[in-house]
Amino acid sequence: MTNPLTIGILGAGRVGTAVGRQAIRAGHQVRIATAKPSEEIRLLAEVIVPGASAVDSSQLRGSDLIVIAVPLHKYRSIDTGALAGHVVIDTMNYWAPVDGVMEEFEAGRGTSEVIADFLGDVRLVKTLNHIGYGELEVEAQPAGTPSRRALAIAGDDDDARALVSEFIDSLGFDPVDAGPLSAGRAFQNGTEIFSGRHTSEEMTRLVEQSRQLASTGA
Ligand SMILES: NC(=O)c1ccc[n+]([C@@H]2O[C@H](COP(=O)([O-])OP(=O)(O)OC[C@H]3O[C@@H](n4cnc5c(N)ncnc54)[C@H](OP(=O)(O)O)[C@@H]3O)[C@@H](O)[C@H]2O)c1
C-alpha cells in the first residue's frame, strides 16, 4: 500500500465516481464535489461512492490531489479558486460531436495545455483520460502482474508527475512518465494510445515514438 492520500474529485459523473470508488479501494480518502451544493450530491455519493464525502467545490482545497472529471465543454465553469496551488489531474477529452466545436481545441495544442493556461496556478497532470470509466475497476491489477495495463502521465512539474504516478500505481495501473504536458498530445482522443490497451513496455514505446515524431516536426 502506498501512502494514503486525500483525493478531491471535481465531477460526480461516470469518471469521477469510478475514480472515487477505486481510490477508496486503494485506501485513499475521497472528497467529491460538483458545481452544486454538497447537500445535492450527498445521497449520490453515499450510494455510488460509498466512503466518500460529498463536499462543496471550495472544500476540495487542501487535497493532496484534485481530479477534474467534468465535461470539457464546461471547463470555463470550473471553480478555479478551489484548485489553485494544487496538483490537479485532467481527465477531460475533447470530442466535438459531444462538446461542440471549440476553436481553442481545434488549433493543434494539446487539450490539457489549453486547460493549464485557463486554470493558471495549478500543477496540471494529464492522465486517466485514456481509459474507459467502466475499465478502471475491472482492469486494475496488482503491481508486478506481467500484463498489467499502463497509463501515461504528462505534466510540466516533476514532483507532480511523481505524486500522480504513485496514485496511478495505487489504483492498479503501471504509470508511464511521458514527460511534459505537451507530451499528452500523444494520448488524447484519436491517438493509438487513446484507443487501445497497453502494457508498460508497449506504452513506453508508443510514447517514445510520439516524442521522436514531435521532435522531427512530423
Ligand atoms: N466516459 C469515459 O469513459 C471517460 C473516460 C476518460 C475520460 N473521460 C472524460 O472525462 C470527462 C467527464 O466525463 P464523464 O463521462 O464522467 O461525464 P458525466 O458523466 O457527464 O459527468 C460530469 C460531471 O461533472 C459535473 N460538472 C459539470 N460541470 C461542472 C463544474 N463546473 N464543476 C464541477 N462539476 C461539474 C456534473 O455535474 P451535474 O450533473 O450537476 O452537471 C457531473 O457530475 C469528460 O471530459 C470525458 O471526455 C470520459
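Start at 1 and go down the list; that is how both ligands and their atoms are numbered. Starting from 1, each residue takes its place in the sequence as its number.
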Measure the distance from atom 31 (N) of ligand 1 to every protein heavy atom, then report the residue, atom name and distance (to 0.1 Å) of the closest one. Ser77 OG, 2.7 Å

Less than 4.5 Å apart, side chain to side chain, heavy atoms only: is that true for Leu136 and Val19? yes

Residue-level breakdown please: for His130 versus ligand 1, do any non-hydrogen atoms fall below 4.0 Å on the side chain, on the backbone, on both, or on neither? neither

Under 30°, 30 to 60°, or over 60°: which ring-plane class applies to Tyr75 and Phe105, parallel, tilted or perpendicular? perpendicular

Ranked by distance from atom 19 (O) of ligand 1, the top protein heavy atom is Arg14 N, 3.0 Å

Considering heavy atoms of the protein only, find what lies nearest to atom 22 (C) of ligand 1 and give residue, atom and distance to 0.1 Å. Pro71 CD, 3.4 Å

Pairs of nitrogen or oxygen atoms closer than 3.5 Å, one from Lys36 and one from ligand 1: do any exist? yes

Under a 3.5 Å threshold, yes or no: a donor from one side chain and an acceptor from the other, between Asn189 and Asn93? no

Less than 4.0 angstrom from a charged side-chain N to a carboxylate O is my criterion; do Arg61 and Asp79 meet it? no

Check each of Gly16, Ala33, Ala35 against atom 32 (N) of ligand 1 and report the one with the nearest heavy atom. Ala35

Is Ser57 near ligand 1, meaning one of its heavy atoms is under 4.0 Å from it? no

Do me a favour and list the nearest non-hydrogen protein atom to atom 9 (C) of ligand 1 with residue, atom name and distance? Thr91 O, 3.3 Å

Any carboxylate oxygen within less than 4.0 angstrom of a Lys/Arg side-chain nitrogen, looking at Glu135 and Arg197? no

Short N/O distance, under 3.5 Å, between Ala12 and ligand 1? yes

Quick one: does Ile131 get a heavy atom under 4.0 Å from ligand 1? yes

Among Leu10, Leu44, Val15, which one has a heavy atom closest to atom 13 (O) of ligand 1? Val15

Could you walk me through whether Arg25 and Gln22 pass the side-chain hydrogen bond (donor to acceptor under 3.5 Å, both in side chains) test, one step at a time? CA-CA 5 Å; Arg25 266 186 211 109; Gln22 196 59 7; 2.6 Å; yes

OG of Ser53 to CD1 of Ile41, rounded to nearest 0.5 Å, is 10.0 Å

Does ligand 1 have an atom that lies less than 4.0 angstrom from a heavy atom of Leu128? yes

For Glu208, is there an ion pair with Arg211 - N to carboxylate O distance below 4.0 angstrom? yes

Sub-4.0 Å protein heavy atom next to atom 36 (C) of ligand 1: no

To which protein heavy atom is atom 21 (O) of ligand 1 closest, and what is the distance rounded to 0.1 Å? Gly13 CA, 3.2 Å

Quick check: Val70 and ligand 1, any N/O pair under 3.5 Å apart? yes

Counting both backbone and side chain atoms, is some N or O of Tyr133 under 3.5 Å from an N or O of ligand 1? yes

Looking at every heavy atom in both Arg161 and Val125, which two are closest together, and how far apart are they? N-CG2, 4.2 Å

dist Leu5:CG -> Ser63:OG (nearest 0.5 Å) comes out at 10.0 Å

